[in-house]
Amino acid sequence: MNILVCNVGSTSLKFKLYEMPQETVMAQAYVERVGSADNGIYTYTRWSDHTKVERTQVAVPTYTEGIQLFLDSLLSEETGCLTEIAQIEAIGFKTVLSKGHYGVHRLTEEVLQGMEDYMAVAPAHNGPYLEAIRVFEKLLPDVERIGSFETAFHQTIPLSESLYAIPYEWYEKYGIRRLGYHGASHGHIAAMLLSREGEADKVVSCHLGGSCSLCAIDNGKSLNNSFGFSLQAGVFHNSRVGDMDAYIIPFLLKEGMSIDEITHGLEKNSGLLGISGVSNDLRLVEEAAAGGHERAALAVEMFINSLVSHIGAYTAQLGGLKQLVFTGGIGENSVSVRRRVCERLAFLGVKLSPERNESAQKDKIISADDSRVKVHVIPANEELGIARNVFQLVK
Ligand code: ADP
């Protein structure tokens with residue numbers, strides 16, 4: 001069965017076509033600068049023989065043109081791997097949030113309405129997804145469209161961990177509680193540990209990328225996630241705020257700031273960027289810190305502190321820590337973040353092997369042989385997690 005996985009950004013589209021259940025990648029593509037009349041970038045690879053298409057200055061004023069570019073490559077004699085579009089049996093979307101639909105769902109009008117209902121909670125994600133899903137509906141009306149919501153893996157978080165101590169009616173009326181996100185990534189980590197280690201007990205998975213979240217996993221299931229009702233919570237992100245005292249918002253409103261100014265600040269000018277004033281890219285912040293920039297050093301220190309305190313809290317919730325996993329752009333690449341976090345966890349028996357931590361290998365165990373906690377670096381593969389979820393639903 002051929003399943004197309006589609007990841008929609010506000011100005012980008014990523015595609016990966018899988019043959020399931022073999023989990024073979026057939027083709028992948030990346031469209032950048034969607035919205036541009038003449039300056040889009042398109043890259044496509046057919047995996048069987050590495051045939052590539054690389055184009056710049058392409059017209060992608062809307063998602064329609066971006067999706068069409070990919071469909072043309074898939075069907076072309078020189079680059080393609082399909083003879084007709086009907087060979088795609090389902091499209092899986094890395095959708096984020098729909099009120100009342102938190103798992104893996106066919107994208108019916110009701111599910112799409114749920115995405116509209118929670119637009120204010122995930123505006124940067126739900127808007128682009130709704131637009132792209134409608135385009136697929138028009139272009140490929142006969143292909144099933146499935147949403148693998150980022151909340152799906154976290155439905156096992158107990159209510160006693162997911163509720164906020166707010167008036168209970170707000171939970172009943174508006175559904176406000178910790179939902180958790182990055183489900184495709186943490187779910188993939190749990191599946192990898194189950195297949196490699198034979199168990200996924202007392203695990204903390206750290207997805208550290210442009211946005212960051214930690215997940216407590218036991219018996220292969222999510223028991224906690226540092227994201228909250230929205231994707232603005234938990235450890236701080238490259239330019240988003242993370243956890244913050246709720247009363248800061250009414251205070252700033254009373255001081256005369258508008259709600260738009262406040263949300264803009266919390267979304268675009270907080271996190272690593274907000275504290276360092278240097279960049280939202282950890283590489284540049286670390287570089288500045290090494291050169292003596294005090295606020296950059298403070299931002300990195302705060303980032304490490306928040307990772308360590310979440311790992312500590314989850315270790316207490318899990319009743320111990322057996323495996324610690326780093327994934328995502330920062331988790332996979334930053335030797336220093338992994339070293340600093342693990343040094344602080346020495347009291348739990350975490351002991352890194354410096355050579356393993358620094359080796360160029362992407363997928364590796366970085367703890368020393370006598371470490372009480374096994375520390376892994378596992379490359380994120382959210383698309384595969386989605387392809388598996390979609391396959392389970394439609395097979
Ligand atoms: P996204 O969450 O947008 O999918 P990624 O998971 O690819 O992003 O992570 C991107 C982030 O990874 C960038 O913001 C960058 O700060 C960080 N990053 C990548 N390589 C390194 C590195 N060597 N050291 C520190 N941070 C890195």
Side-chain angles (χ1 to χ4, degrees), residues 95-105 110-127 129-130 147 149-183 186 211-218 221-237 239-271 274 305-306 309-319:
T95 39
V96 169
L97 178 64
S98 167
K99 187 176 185 188
H101 311 95
Y102 301 111
V104 185
H105 304 277
E110 192 189 327
V111 175
L112 298 179
Q113 183 57 49
M115 292 172 71
E116 291 278 2
D117 292 344
Y118 270 171
M119 184 70 87
V121 189
H125 300 89
N126 278 12
Y129 267 105
L130 280 166
F149 285 88
E150 281 286 71
T151 47
F153 182 62
H154 302 301
Q155 291 180 98
T156 44
I157 298 178
L159 199 60
S160 57
E161 290 292 342
S162 73
L163 278 186
Y164 295 109
I166 52 175
Y168 194 79
E169 304 77 60
W170 296 0
Y171 159 60
E172 291 178 311
K173 185 166 179 196
Y174 303 110
I176 295 174
R177 68 181 164 97
R178 173 174 295 111
L179 292 166
Y181 298 90
H182 278 161
H186 294 302
S211 61
C212 302
S213 85
L214 276 70
C215 183
I217 299 170
D218 206 31
K221 296 188 169 65
S222 172
L223 287 194
N224 218 329
N225 179 251
S226 57
F227 277 126
F229 181 54
S230 77
L231 296 102
Q232 310 293 331
V235 298
F236 64 74
H237 311 273
S239 62
R240 284 189 264 139
V241 60
D243 284 345
M244 183 190 84
D245 182 341
Y247 259 51
I248 292 169
I249 295 174
F251 170 76
L252 291 176
L253 284 169
K254 285 210 179 98
E255 287 294 303
M257 280 178 77
S258 73
I259 193 68
D260 286 346
E261 283 172 317
I262 297 170
T263 43
H264 181 84
L266 296 177
E267 227 174 85
K268 307 274 188 228
N269 202 16
S270 293
N305 287 347
S306 79
S309 44
H310 274 84
I311 295 169
Y314 290 170
T315 300
Q317 187 190 346
L318 291 163

Original post:
Is the charged tip of Arg240 near the ring of Tyr181: under 6.0 Å from the six-membered ring centre and within 45° of its axis?
Top reply: no
Original post:
Quick one: are Phe149 and Val111 in side-chain contact, heavy atoms under 4.5 Å?
Top reply: yes
What side-chain donor-acceptor pairs closer than 3.5 Å can you find for residues 157-173, not counting sequence neighbours?
from	atom 1	to	atom 2	distance (Å)
Glu161	OE1	Asn224	ND2	3.1
Tyr164	OH	Phe229	N	3.0

**OP:** Taking the side chain as every heavy atom from C-beta outward, state whether Thr95 and Met115 have any pair of such atoms under 4.5 Å apart.
**Re:** yes
Original post:
For Met244 and Ile249, what are the C-alpha separation, side-chain angles and deciding distance, and is it a side-chain contact (heavy atoms from CB on, under 4.5 Å)?
Top reply: CA-CA 10 Å; Met244 183 190 84; Ile249 295 174; 3.9 Å; yes
**OP:** Would you confirm whether the ring centroid of His182 sits within less than 6.0 angstrom of the ring centroid of Phe227?
**Re:** yes
Original post:
Got a donor-acceptor contact below 3.5 angstrom from the Tyr102 side chain to the Gly100 backbone?
Top reply: yes
Original post:
Under a 4.5 Å cut-off applied to non-hydrogen side-chain atoms, are Ser226 and Arg178 in contact?
Top reply: no
Subject >> Nearest atoms (heavy-atom pairs only) where Pro250 meets Ala246 >> reply: CD-O, 3.2 Å
Subject >> Side-chain heavy atoms of His310 within contact of Ser213, under 4.5 Å >> reply: no
Original post:
In Å, rounded to the nearest 0.5 Å, how long is the span from CD1 of Ile248 to CG of Leu253?
Top reply: 12.0 Å
Subject >> For the student: nearest non-hydrogen atoms of Gln155 and Gly103, plus distance >> reply: NE2-CA, 3.4 Å
Subject >> Interatomic spacing from CG in Leu318 to CG in Asp218 - rounded to 0.5 Å >> reply: 5.5 Å
Original post:
Do His101 side-chain atoms and Lys99 backbone N/O form a donor-acceptor pair below 3.5 Å?
Top reply: yes
**OP:** Measure across Gln232 and Ser230 and return the closest heavy-atom pair with its distance rounded to 0.1 Å.
**Re:** N-OG, 3.0 Å
**OP:** Measure the shortest side-chain to side-chain distance between Glu150 and Leu231 over non-hydrogen atoms and say whether it is less than 4.5 angstrom.
**Re:** no
Original post:
If you look at every heavy atom in Ser222 and Thr156, which pair is closest and at what distance?
Top reply: O-OG1, 2.7 Å
Subject >> Side-chain heavy atoms of Leu130 within contact of Met119, under 4.5 Å >> reply: yes
**OP:** Before giving the answer on side-chain contact (heavy atoms from CB on, under 4.5 Å), spell out for Ser98 and Gln113 the whole-Å C-alpha distance, their side-chain angles and the decisive distance to 0.1 Å.
**Re:** CA-CA 8 Å; Ser98 167; Gln113 183 57 49; over 6 Å; no
**OP:** With sequence neighbours excluded, tell me which residues meet side chain to side chain donor-acceptor pair (under 3.5 Å) with Thr151.
**Re:** none
Original post:
Do the side chain of Ser239 and the main chain of Ser270 share a donor and acceptor less than 3.5 angstrom apart?
Top reply: no
**OP:** Check the pair Ile217, Leu223 against side-chain contact (heavy atoms from CB on, under 4.5 Å), reporting the backbone distance first and the verdict last.
**Re:** CA-CA 6 Å; Ile217 299 170; Leu223 287 194; over 6 Å; no
Subject >> Asn225 side chain to Leu214 backbone, donor-acceptor under 3.5 Å >> reply: yes
Subject >> Sequence-distant partners of Asp243, side chain to side chain donor-acceptor pair (under 3.5 Å), two or more places apart >> reply: none
Subject >> Donor-acceptor contact present, side-chain Glu267 to main-chain His264, <3.5 Å >> reply: no
Original post:
Short question: side chain of His237, backbone of Cys212 - any donor-acceptor pair under 3.5 Å?
Top reply: yes
